[in-house]
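What follows is a single structure, written as structure tokens, with notes after it.
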Amino acid sequence: MERAVPHAVPLGQMEVFQALQRLHMTIFSQSVSPCGKFLAAGNNYGQIAIFSLSAALSSEAKEESKKPVVTFQAHDGPVYSMVSTDRHMFSAGDGEVKAWLWAEILKKGCKELWRRQPPYRTSLEVPEINALLLVPKENSLILAGGDCQLHTMDLETGSFTRALRGHTDYIHCLALRERSPEVLSGGEDGAVRLWDLRTAKEVQTIEVYKQEECSRPHNGRWIGCLATDSDWMVCGGGPALTLWHLRSSTPTTIFPLRAPQKHVTFYQDLILSAGQGPCVNQWQLSGELKAQVPGSSPGLLSLSLNQQPAAPECKVLTAAGNSCRVDVFTNLGYRAFSLSF
């Protein structure tokens, strides 16, 4: 496996170095392969590890099955976000996005297919890219992060086609309204902004922290996570995790949770959320807490639902954050085991 280690380090010192790396590791991002049998995880050292879900879930799985099939240095800094299409994986770090072929990733010595840097305002600017979002109908990729803009890339040509401006501080998260060509973005300025991709205009702004029932000034105004389902949005961060009706810009459910949330997703008739603390929270849409399932990390930054129809035997929820482990939930009720860098 390729790892970021100092040159000419004695074996004993290298083992200590790698142990310290694992001790201070944060896993920011995850992405499932198109075949559904592999999971990519990106960490704060710029490494991407590929795990075999099929091997780890096998009845004959050993401890070695829960280690990466391959690990490679993808970026110089943290891998903040990853998404996959039916052929490619895209990873984002400080100032650039890279493309990788899934067919090549499992081979040792994998090389990026290409790298792109959005058109920043100055050549000295290297803002982190916190979020990636695929827009399949457009065959485009949206990038957002530290420069407070949403950049749209045409995946056929590799060129950046537009920049959406409106946020006044850096952007943490993106979500797609699939039935309409609209994208939602949330960030440090405390606003969720809705963009019409046909006109490249901002069409709605929800300043969550200004709603008295959502506001939690001691946590700040930042929006760290959001998800959409038709006319509904759920978002959280500094303000309370809240379900909103988008057409009326109305908060309908405030979820009774003190800890700021970093990731949220709709799943069947539930909302799943995670953030400060080790638990994956399962919510009814009414606001009732159905379950809190503990994992092995002190805090969680990303959840990934593997729902690839090609591999129903690998249908799992994975959760990762402030540790070198990725927790695997074969059903929502308990953690089955952990994968580890």
Inset, instruction - Consider only side-chain N and O atoms of S297 and N322, and report whether a donor and an acceptor are under 3.5 Å apart. - result: no
Legend entry - salt bridge (charged side-chain N to carboxylate O under 4.0 Å, His left out) between E15 and R22, intermediate numbers included: CA-CA 11 Å; E15 288 172 353; R22 286 193 292 273; over 6 Å; no
Inset, instruction - Please determine, by modelled atom types, if S140 and T152 share a side-chain donor-acceptor pair under 3.5 angstrom. - result: no
Legend entry - Contact check, side chains of N43 and F28, non-hydrogen atoms, under 4.5 Å: no
Legend entry - Nearest heavy-atom neighbours spanning H151 and A163: ND1-CB, 4.0 Å
Legend entry - Nearest-0.5 Å distance, CG of residue L243 to OG1 of residue T252: 3.5 Å
Inset, instruction - Find out if a path of hydrophobic residues (ILVMFWY) with successive side-chain heavy-atom gaps under 4.5 Å connects M82 to V97. - result: no
Inset, instruction - Give the intermediate values and the outcome of side-chain hydrogen bond (donor to acceptor under 3.5 Å, both in side chains) for residues S84 and S31. - result: CA-CA 6 Å; S84 290; S31 188; 2.7 Å; yes
Legend entry - Interatomic distance, Q47 atom CD to I27 atom CD1 [nearest 0.5 angstrom]: 10.0 Å
Inset, instruction - Any chance you could lay out the side-chain contact (heavy atoms from CB on, under 4.5 Å) test for W244 and D231, step after step, and finish with the verdict? - result: CA-CA 8 Å; W244 291 75; D231 286 333; over 6 Å; no
Legend entry - Any side-chain heavy-atom pair of S340 and K66 under 4.5 Å: no
Inset, instruction - Give a yes or no on whether the backbone of S159 and the side-chain of T157 come within a donor-acceptor separation of less than 3.5 Å. - result: yes
Legend entry - Minimum side-chain heavy-atom gap Y120-V126 below 4.5 Å: no
Inset, instruction - With R193 as the cation and W195 as the aromatic partner, state whether NZ or CZ is under 6.0 Å from the six-membered ring centre and within 45° of the axis. - result: no
Inset, instruction - Check the surroundings of atom NZ in K315: do more than 12 heavy atoms from other residues, nucleotides or ligands lie under 6.0 Å from it? - result: no
Inset, instruction - Give the intermediate values and the outcome of side-chain contact (heavy atoms from CB on, under 4.5 Å) for residues T318 and L303. - result: CA-CA 6 Å; T318 52; L303 301 174; over 6 Å; no
Legend entry - Approximate separation, where rounding is to 0.5 Å, of N281 CG and L257 CG: 5.0 Å
Inset, instruction - Rounded to the nearest 0.5 Å, what's the gap from CZ on F266 to CH2 on W232? Could you check? - result: 9.0 Å
Inset, instruction - Would you sort out whether S180 and E182 count as a side-chain hydrogen bond (donor to acceptor under 3.5 Å, both in side chains), showing the intermediate values? - result: CA-CA 5 Å; S180 56; E182 293 174 339; 3.3 Å; yes
Inset, instruction - Can you label the angle between the F51 ring and the F341 ring as parallel, tilted or perpendicular, going by 30° and 60°? - result: perpendicular
Legend entry - Nearest heavy atoms of D327 and S338, plus distance in Å: OD1-OG, 2.6 Å
Inset, instruction - Kindly say whether A274 contributes a backbone atom to a donor-acceptor pair with the side chain of K262 at under 3.5 angstrom? - result: no
Inset, instruction - Check the surroundings of atom NZ in K98: do more than 12 heavy atoms from other residues, nucleotides or ligands lie under 6.0 Å from it? - result: yes
Inset, instruction - May I ask you to check whether over 12 heavy atoms, not counting those of D76, lie within 6.0 Å of atom CG? - result: no
Legend entry - side-chain contact (heavy atoms from CB on, under 4.5 Å) between S273 and F255, worked out: CA-CA 10 Å; S273 76; F255 298 96; over 6 Å; no
Inset, instruction - For residues L289 and Q282, determine if any side-chain heavy atom of one lies less than 4.5 Å from a side-chain heavy atom of the other. - result: no
Legend entry - Exercise: do D269 and Q284 side chains pair donor with acceptor under 3.5 Å: no
Legend entry - Side-chain (R177) to main-chain (L194) donor-acceptor, under 3.5 angstrom: no
Legend entry - salt_bridge(K67, E64) N-O dist < 4.0 Å: no
Legend entry - K137 side chain vs E178 backbone, donor-acceptor pair below 3.5 Å: yes
Legend entry - hydrophobic_cluster_shared for L300 and V326, side chain cutoff 4.5 Å: no
Inset, instruction - Using a 4.5 Å cut-off on heavy atoms from C-beta on, say whether the side chain of H218 contacts that of R216. - result: yes
Legend entry - Heavy-atom closest contact (S29 atom, S81 atom, distance): CB-CA, 3.6 Å
Legend entry - Residues, nucleotides or ligands: over 12 heavy atoms within 6.0 Å of E156 CD: no
Inset, instruction - Answer yes if I142 and W114 sit in the same cluster of Ile, Leu, Val, Met, Phe, Trp and Tyr residues linked by side chain heavy atoms under 4.5 Å apart, and no otherwise. - result: no
Legend entry - Exercise: identify the closest heavy-atom pair between L246 and S230: CD1-O, 4.2 Å
Legend entry - R115 side-chain N/O to E96 backbone N/O, donor-acceptor pair under 3.5 Å: no
Legend entry - For the student: nearest non-hydrogen atoms of Y170 and C148, plus distance: N-SG, 3.8 Å
Inset, instruction - May I ask you to check whether Q149 and H167 show a side-chain donor-acceptor distance below 3.5 Å? - result: no
Inset, instruction - Kindly state whether the ring of H88 and the ring of W100 have centres lying under 6.0 angstrom apart. - result: no
Legend entry - Minimum side-chain heavy-atom gap F90-R116 below 4.5 Å: no
Inset, instruction - Side-chain contact test, heavy atoms from C-beta onward, threshold under 4.5 Å: evaluate it for C173 versus N130 and give yes or no. - result: no
Legend entry - Short side-chain donor-acceptor distance under 3.5 Å, S296 and R325: yes
Legend entry - Same apolar cluster: L164 and L174, side chain cutoff 4.5 Å: yes
Legend entry - Main-chain N/O of S248 paired with T250 side-chain donor or acceptor, under 3.5 Å: yes
Inset, instruction - For S215 and K210, indicate whether the former's side chain and the latter's backbone hold a donor-acceptor pair under 3.5 Å. - result: no
Inset, instruction - Run the numbers on W283 and V234 for side-chain contact (heavy atoms from CB on, under 4.5 Å), then give the verdict. - result: CA-CA 11 Å; W283 303 96; V234 60; over 6 Å; no
Legend entry - Backbone N/O of T26 and side chain of N44: donor-acceptor pair under 3.5 Å: yes
Legend entry - Shared hydrophobic cluster for L113 and F160 (ILVMFWY, side-chain gaps under 4.5 Å): yes
Inset, instruction - Ignoring hydrogens and angles, tell me if any N or O in the side chain of R335 forms a donor-acceptor pair with the backbone of V293 under 3.5 Å. - result: no
Inset, instruction - Verify whether one side chain among E60 and S58 offers a donor that lies under 3.5 Å from an acceptor in the other. - result: no
Inset, instruction - Please confirm whether the backbone N or O of L285 pairs with a side-chain atom of T253, one donor and one acceptor, at under 3.5 Å? - result: yes
Inset, instruction - May I ask you to test the I50-T71 pair for a side-chain heavy-atom distance under 4.5 Å? - result: no
Legend entry - Nearest non-hydrogen partners of P136 and L176, listed with the distance: CD-CD2, 4.1 Å
Legend entry - Atom pair CG (L155) and CG (L141), whose distance is rounded to the nearest 0.5 Å: 5.5 Å
Inset, instruction - Any chance you could measure L20, atom CG, to Q18, atom CD, to the nearest 0.5 Å? - result: 10.5 Å
